[in-house]
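Structure first, then comments.
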Number of protein chains: 2
Amino acid sequence: MPQAIAVDLQDCGDCPIRHRAVCARCETDELERLDQIKYYRSYEAGQTIVWSGEPMDFVGSLVRGIATLSQTMEDGRTQMVGLLLPSDFVGRPGRRGAAYDVVATTDLVMCCFRKVPFEEMMARTPHIAQRLLEMTLDELDAAREWMLVLGRKTAREKIASLLSIIARRDATLNLRAQDAKIVFDLPLTREAMADYLGLTLETVSRQISALKRDGVIVLEGKRHVTIPDFERLLDEAGDDSDGGFLS
Amino acid sequence: MPQAIAVDLQDCGDCPIRHRAVCARCETDELERLDQIKYYRSYEAGQTIVWSGEPMDFVGSLVRGIATLSQTMEDGRTQMVGLLLPSDFVGRPGRRGAAYDVVATTDLVMCCFRKVPFEEMMARTPHIAQRLLEMTLDELDAAREWMLVLGRKTAREKIASLLSIIARRDATLNLRAQDAKIVFDLPLTREAMADYLGLTLETVSRQISALKRDGVIVLEGKRHVTIPDFERLLDEAGDDSDGGFLS
DNA sequence: GTGTTTCTTTGATTCAGATCAATGGATGTA
DNA sequence: TACATCCATTGATCTGAATCAAAGAAACAC
């Protein structure tokens with residue numbers, strides 16, 4: 001059982017629930033009610049936050065760190081079905097148990113709400129259900145985009161797709177200037193990337209080496225990535241557009 | 001542009017919106033308001049109902065027939081990302097355009113609501129957003145389950161997974177007795193199955209032949225399928241459980 | 001009937017990625 | 001310093017599914 005550890009965040013300003021998950025159109029008193037039922041939890045890298053099938057008594061959003069959602073077959077084959085970055089929502093109002101394992105990839109901090117009070121509040125506050133619906137539709141779009149990656153792309157395209165998604169999310173999160181060079185640290189091991197892409201870790205390693213050799217990416221060490229030409233990367237990913245990310 | 005054709009449905013009892021999509025907990029007057037803004041549309045097999053990226057001015061649910069959601073790359077590779085059977089909801093309240101192509105696989109009938117009035121009603125009626133959130137979470141689970149199929153299963157397991165999903169949905173829809181022999185007609189061509197499974201149509205054909213040879217399924221003609229032992233099929237699919245379908 | 005189209009099956013061959021196997025850094029620690 | 005441990009790379013070989021190619025079966029038109 002993961003153990004909860006108290007965290008001190010000075011200000012709710014850090015809590016993405018306030019900004020993205022729930023409150024885009026909320027009134028002040030709703031914010032206050034949310035504040036009253038929220039609490040923080042932290043987990044260490046490698047800890048499983050929730051096991052697939054187990055009851056989950058909270059919902060919340062990721063404040064710091066990286067988590068993954070994954071499904072595993074009896075024989076050990078696993079497929080990652082989601083990557084959670086700060087500001088992402090975790091949990092399913094109205095559902096009993098978790099549908100997949102949620103695992104902390106790095107040390108992380110979550111802002112949580114006990115499920116019952118949150119659901120009561122949701123019932124009283126139409127905006128919240130609407131906001132969650134919007135977010136869930138976004139997740140559904142992302143999952144379906146990933147189905148195209150898994151079903152139809154080559155290993156090289158898969159790697160390029162993953163890198164472009166991480167680069168995009170990183171840039172959005174850090175409000176980077178649009179024309180700045182894209183630089184980031186890979187938040188995943190080769191094995192985790194393989195689980196996300198439906199490949200083996202050897203294939204991931206080989207394709208990363210190939211992209212590096214061809215100048216699509218620049219690697220310093222094993223994790224630090226620079227993208228000299230984002231359009232080029234998108235091209236390698238087989239994407240027909242940049243999703244409005246670049247001008 | 002698909003042309004709308006008037007359809008006569010005797011009774012709203014046929015309209016799954018009433019039963020599943022929206023109204024599980026609705027009051028009578030909400031049902032009446034929904035009735036006032038709804039209309040029917042029919043499409044012929046092969047028609048594209050919505051093109052990816054185009055504006056979509058309605059939402060609705062499938063009354064009769066089969067439709068598919070799919071994404072296509074510039075070079076023609078396509079991946080089906082969803083299979084719509086009667087009672088499934090189509091459209092995304094709060095969104096401008098469609099994210100994927102929606103194509104009628106058979107002749108079909110939809111029960112539609114113009115988007116703006118539907119959204120207005122949603123804003124006034126908290127139950128509707130909550131019901132749609134539940135449905136969207138179901139779709140998200142299904143999409144993520146499919147990611148495991150696409151990323152980690154073998155061709156044979158993929159075919160068995162697809163057959164078990166169709167069998168399950170068919171049984172649920174037709175309220176078949178749990179112990180009845182499962183018999184249905186495949187609603188998809190081999191090519192469509194291939195697009196769903198991330199395979200080629202030749203591989204689909206070969207694996208279906210293999211499952212038939214091994215007695216996992218019985219085929220009459222090209223489409224009519226009998227499942228003599230559903231547990232066996234699930235086993236071939238690599239599923240660890242039957243999802244509560246059988247006792 | 002004969003052709004035409006659409007869907008499907010089956011066979012032969014190729015190839016991308018898996019698997020098996022070593023080796024190469026980092027980092028930590030006794 | 002030696003020696004684990006963890007993560008990543010690279011090489012050799014194998015294999016499952018793709019690709020290339022042909023032919024069968026059903027539905028429909030003329």
Side-chain angles (χ1 to χ4, degrees), chain A residues 44-46 66 68 73 75-79 105-106 149-163 185-214 217-225 236 238, chain B residues 44-46 66 68 73 75-79 103 105-107 149-163 185-214 217-225 236 238:
Chain A
E44 286 170 23
I66 309 268
T68 62
M73 295 170 67
D75 62 7
R77 282 178 279 176
T78 85
Q79 174 66 49
T105 293
T106 63
V149 172
L150 291 172
R152 292 301 186 193
K153 291 194 178 179
T154 64
R156 173 184 261 244
E157 288 170 331
K158 285 179 174 182
I159 299 288
S161 298
L162 179 57
L163 291 175
D185 284 304
L186 276 176
L188 301 172
T189 65
R190 300 291 184 264
E191 189 181 17
M193 294 174 71
D195 282 343
Y196 204 16
L197 296 166
L199 298 171
T200 59
L201 68 92
E202 292 96 328
T203 298
V204 169
S205 182
R206 270 185 253 273
Q207 295 300 332
I208 288 180
S209 297
L211 289 173
K212 179 180 167 185
R213 177 167 29 74
D214 299 346
I217 61 174
V218 179
L219 259 189
E220 285 165 78
K222 289 148 200 276
R223 298 290 192 90
H224 194 75
V225 181
E236 291 284 352
Chain B
E44 286 169 23
I66 309 267
T68 62
M73 294 171 69
D75 62 6
R77 281 177 281 176
T78 85
Q79 175 66 50
V103 181
T105 293
T106 62
D107 291 351
V149 173
L150 291 173
R152 291 301 185 193
K153 291 195 177 178
T154 64
R156 174 184 262 244
E157 289 170 331
K158 285 179 173 182
I159 299 288
S161 298
L162 179 57
L163 291 175
D185 285 305
L186 277 175
L188 301 171
T189 65
R190 300 290 185 264
E191 189 181 17
M193 293 174 72
D195 283 343
Y196 203 17
L197 296 166
L199 298 170
T200 59
L201 68 93
E202 293 96 328
T203 298
V204 169
S205 181
R206 270 185 254 273
Q207 295 299 333
I208 288 180
S209 298
L211 289 174
K212 179 180 167 184
R213 178 168 29 74
D214 299 345
I217 61 174
V218 179
L219 257 189
E220 286 165 77
K222 289 148 200 274
R223 299 293 191 88
H224 194 74
V225 180
E236 291 285 350

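This is a predicted model, so every value here is computed, not measured. Note on naming: letters A, B, ... go to the chains in the order of the sequence lines (proteins, then strands), and numbering restarts at 1 for each one. Both backbone and side-chain heavy atoms feed into the values below; hydrogens, waters and symmetry mates do not.
Residue-level contact check: B:T189 touches the backbone only, with heavy atoms under 4.0 Å from sugar-phosphate atoms and none from bases. Among the atoms of the strands shown, base atoms are found under 4.0 Å from some heavy atom of B:L201.
Within the 4.0 Å cut-off from OP1 or OP2 of D:dT10, at least one side-chain nitrogen or oxygen of A:S209 is found. At the phosphate of D:dA18, OP1 or OP2 sits under 4.0 Å from a side-chain N or O atom of B:T203. Considering only side-chain N and O atoms, B:R223 lies under 4.0 angstrom from the phosphate OP1 or OP2 of C:dT8. A close approach under 4.0 Å does occur between a side-chain nitrogen or oxygen of B:T200 and OP1 or OP2 of D:dA18.
Comparing C:dT8, C:dT19, C:dG17 by their closest approach to the side chain of A:R206 singles out C:dT19. The nucleotide whose nearest atom lies closest to any side-chain atom of B:L219 is, among D:dA17, C:dG24, C:dT9, C:dT9. In the set D:dA17, D:dT9, C:dT9, C:dT9 carries the atom at the smallest distance from any side-chain atom of B:S205. Checking D:dT10, D:dA18, C:dT8 against every side-chain atom of A:E202, the shortest atom distance belongs to D:dT10.
Looking at A:E191, its side chain has no donor and acceptor atom pair within 3.5 Å of the base of D:dC6.
Ranked by how close their nearest DNA chain C nucleotide is to the 5' end, B:R190 and A:Q207 are led by B:R190.
The CZ-C1' distance, from B:R156 to D:dT15, rounds to 17 Å in whole Å.
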